[in-house]
Amino acid sequence: MIIKQSDVREAIARIPDGATVCVGGFGVPGTPFYLLQELVRHGAKDLTIVKNDANERGMGVDHLLKNGQVKKLIVTHIGLNANAIRMMNEAEIEVEFNPQGILAEKLRAAGAGLQGILTDVGIDTTLAEGKTIITYDGRQCIVEPPIKADFALIHAAIADQTGNVRYSATAQNFNPLMAMAADCVICEAEQVVEAGRLDADLIHTPSPFVDHVVEIAELSEEYNVIRR
Amino acid sequence: MIIKQSDVREAIARIPDGATVCVGGFGVPGTPFYLLQELVRHGAKDLTIVKNDANERGMGVDHLLKNGQVKKLIVTHIGLNANAIRMMNEAEIEVEFNPQGILAEKLRAAGAGLQGILTDVGIDTTLAEGKTIITYDGRQCIVEPPIKADFALIHAAIADQTGNVRYSATAQNFNPLMAMAADCVICEAEQVVEAGRLDADLIHTPSPFVDHVVEIAELSEEYNVIRR
Amino acid sequence: MSLDAKTRMLHRAAHELKDGMFINLGIGLPTQLVNYVDEGANVCLHSENGMSGVGPLVPYEKADRNLIDAGGGYVSRLAGSAFFDSALSFAMVRRGRLDLTVLGAFEVAMNGDLANWMIPGKFTPGIGGAIELAQKTPRVVILTTHQDKKGQSKIVRECSLPLTAKKCVNRIYTDMAVMDVLEDGLILKEIADGLSIEDVVKATAAPLQIADTIVHF
Amino acid sequence: MSLDAKTRMLHRAAHELKDGMFINLGIGLPTQLVNYVDEGANVCLHSENGMSGVGPLVPYEKADRNLIDAGGGYVSRLAGSAFFDSALSFAMVRRGRLDLTVLGAFEVAMNGDLANWMIPGKFTPGIGGAIELAQKTPRVVILTTHQDKKGQSKIVRECSLPLTAKKCVNRIYTDMAVMDVLEDGLILKEIADGLSIEDVVKATAAPLQIADTIVHF
């Protein structure tokens, strides 16, 4: 089998200015804080970030925003990050909103090598404005394009050295879809084990969709339960 | 939680003449022979069967064919069943061939509530004949419709009483996609356990996609290794 | 809205959650219904971030850092729960596998139009999962205060805000009333204890038909 | 094709399977390459019925009734293998995650067109997974006898059978020769021991450019 374990600096150093980078996570669960921290250190600029949300102030993606590394956010909701809302309102960043399940399907469509999907979600709303609409099988449908990314940063509970990945509870969310959508997938894992230690029946994202596996040195504060 | 355990006769009795029925399996693994046996006994006619293949002579779907219950097959390959090929050639049944991954996506598209998918698979071949072709993002794409079914018959290694399902090895194949595509999903399982006995992280098909769970009384000969 | 009025509204609306149903409860007020479900009603709750079989909220000390609902609350898992990715989660929604969703609202129109995601120029946090829940769930029920903080009716003739989905609402529960959406408009069916039909009509910016029998809750 | 010629062809073609590659081996001859892979070449084999990390074929006594490859052979699992559904399996294919596929052929044309699924009126078992493998894999290599059972060349100017995919083939391995598909046609690069360039040219129904150096295998 092919061994994909990698150093976090080497893995993240591949990301150039202007890259489109998918970032897993829905709130805290599944957000690759360790990889994001290294991406801030690395400093790549003009990034297009694809993520469900923009985390909260002072966490995860917000570090990239504050560091001026983000040109555009492709998201479903940024309500928990006042800094992201401010930057959007002051036109410091561009923000594209997608219905949550449609963001998932657009990522998956790229990952499945499709040229697009047809959906009636949002057909009667302002979200349909500017989109290609066709009539198919007697119904109006929006043609939604795939979202293909250069990189995906994903968070696993456990991975093997060949890149087979398992998530925990609701930390799964967008991670498997982003692994499909990106040309180069960098996976941080709380634990990395030898090939053969994970039951082949019980893999969430199989190794062919993962390029680099990075073991998290230590879980930072950001991974913890948030007390409000 | 909602208990979905059912008697095999009651479950299969719901299938009326003329129904579209998805049948899991790729060769022997994942084929619901127990449910198919009951469907033969039940005798519903004019069925449209959606399956990867037509099993082999004297096995699984072939019993339906021999019993005159099948009007149409939607498949990817029937090379291992000479009886199915003969019935096709003598126009006793209609057969629609799909590229294997496109059959999977068409089932999944129905299961994901999409109106269709765009693909360039087969665009330059005879398979594109008679299909809707549009130009999107500068490229020619085939619009493939979802395959929505009335019923799906799937085979699980283990299921819980609420309908959470796990498959074994390559017996997974089309089963999860057919569970998504059908209005009513009947799952046979080699073992049925109480709710809570399966790790919630390690479910292949979650209970919302399963309507009835049937425990297999005894694994018939058909489930065994085939010696050629 | 008084605490008492809120509790009564939640008690009343909780009867929507019937035995055997697969249900999504929207962020905010709807989520609280989980504490009011009728005893003996076996329901299965969906959270759009990838879970079926959502259990009650848990205190921080007992929270699993990887287990939240779509509103960010730490929840528990029930026997029979399952986790899955966001694509499968919304496949369930768009496929019509949910029986019921209970959502909040900025405005509900008399034809069932719903606006609950955007106040132009003021509040644009994004669409999240609301549009698919509203458009694709067979039964959409709204749970909201009857009026906003300025005393304006949330029940209107026509929505002025960008729509979440057209003609999607079947029923509205507020602290003042229960209304159904019919082909030709709204019908008032129940009113909160202590209020009169006139009180509700006056507080509502859409015409109301009045049911033959008005129940108090 | 003699057993010796077949073995030499398989030995030669097996060098295509290089360290680090993710590979699909088509049904029939290509599947047999697994026994000829270079030592030290860590490859990962894909089976389109839903498996990565396919191991060698196993005898019936050791077979797992639930573990077959796409050709129906009972196979084993390696450390690091994974099972998945048919949609994810072909997502890998169409997304371009495979590095290489080795397929059989009825006909290969000098421009790289491939026909390997249908002989109208005779043999129509279905398309299976061939079309996606041929159209979407970055490197498509054909492994086939040079001629069919009637002695007709399988390497042709233009395919007469319905195509699997257009201009998809990069290289052809036969019992007689190794040929690459260039922009302007085929180039002969290697020939089997004991054969001359003329033997190959005569057995081939498409024009062949001849490489400066011809290697024997």
Side-chain angles (χ1 to χ4, degrees), chain A residues 1-6 22 104-117 146-150 152 156 158-166 176-185 187 192-213, chain D residues 17-24 34 37 40-56 64-69 75-101 129 131-138 165:
Chain A
M1 300 300 280
I2 303 156
I3 302 299
K4 298 175 181 168
Q5 233 177 323
S6 171
C22 287
E105 287 296 323
K106 287 164 79 170
L107 289 163
R108 190 191 170 281
L114 302 177
Q115 274 63 57
I117 55 168
I147 297 178
K148 202 169 170 176
D150 301 309
I158 188 165
D160 72 20
Q161 296 177 312
T162 72
N164 288 307
V165 165
R166 269 211 325 236
L177 310 160
M178 289 172 167
M180 294 172 72
D183 288 336
C184 178
V185 176
C187 172
V192 178
V193 298
E194 281 181 13
R197 294 286 297 280
L198 296 180
D199 185 338
D201 274 327
L202 305 174
I203 305 293
H204 290 129
T205 294
S207 66
F209 281 120
V210 176
D211 298 282
H212 307 286
V213 176
Chain D
L17 284 58
K18 294 192 178 70
D19 198 43
M21 277 186 169
F22 184 44
I23 301 165
N24 183 293
V34 69
V37 186
N42 278 311
V43 300
C44 180
L45 297 181
H46 171 260
S47 189
E48 58 264 43
N49 56 328
M51 183 179 190
S52 57
V54 180
D64 174 344
R65 65 186 161 86
N66 288 315
L67 182 39
I68 63 172
D69 64 16
V75 294
S76 50
R77 59 179 85 187
L78 301 177
S81 65
F83 300 109
F84 32 83
D85 70 31
S86 300
L88 200 62
S89 188
F90 279 91
M92 293 174 190
V93 175
R94 290 189 309 270
R95 180 65 177 84
R97 277 288 181 177
L98 285 172
D99 297 295
L100 171 72
T101 187
I131 190 168
E132 286 155 281
L133 288 166
Q135 191 177 331
K136 295 294 188 177
T137 309

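Letters A, B, ... mirror the listed sequences (proteins, then strands); counts begin at 1. Nothing here was measured: the structure is a model prediction, and the numbers come from that model.
Within the 4.5 angstrom heavy-atom criterion, only backbone atoms of D:M21 (N, CA, C, O) approach chain A. If you measure heavy-atom distances from A:A109 to chain D, you find no contacts under 4.5 Å at all. Looking at A:R197, neither its backbone nor its side chain comes within 4.5 Å of chain D, counting heavy atoms on both sides. Contact annotation for A:D160: only side-chain heavy atoms (C-beta onward) come within less than 4.5 Å of a heavy atom of chain D. Of the two parts of A:K4, neither the backbone nor the side chain holds a non-hydrogen atom closer than 4.5 Å to a non-hydrogen atom of chain D. Looking at A:A179, only its backbone comes within 4.5 Å of chain D, counting heavy atoms on both sides. Of the two parts of D:L88, the backbone and the side chain both hold a non-hydrogen atom closer than 4.5 Å to a non-hydrogen atom of chain A. Proximity to chain A (any heavy atom under 4.5 Å) is shown, for D:S81, by both the backbone and the side chain.
Ranked by heavy-atom pairs under 4.5 Å with chain D, the first of A:P176, A:S207, A:G196 is A:G196. Contact count versus chain D (heavy atoms, under 4.5 Å) is highest, among A:D183, A:I203, A:I3, for A:D183.
To the nearest 0.5 angstrom, A:D199 atom CG is 8.5 Å from D:F83 atom CZ. Distance CE/A:M1 to CG/D:N42: 9.0 Å, rounded to 0.5 Å.
In this structure, A:D211 pairs ionically with D:R97, as a charged nitrogen and a carboxylate oxygen lie closer than 4.0 Å.
A distance-only check finds a donor-acceptor pair linking the side chain of A:N164 to the backbone of D:G80 [under 3.5 Å]. Side-chain atoms of D:R95 do not come within 3.5 Å of backbone N or O of A:A112 as any donor-acceptor pair.
Across A:A195 and D:A79, no two heavy atoms sit closer than the pair O-CB, 3.7 Å.
Two residues are said to be in side-chain contact when any heavy atoms from C-beta on lie closer than 4.5 Å; D:M51 and A:P206 fail this criterion.
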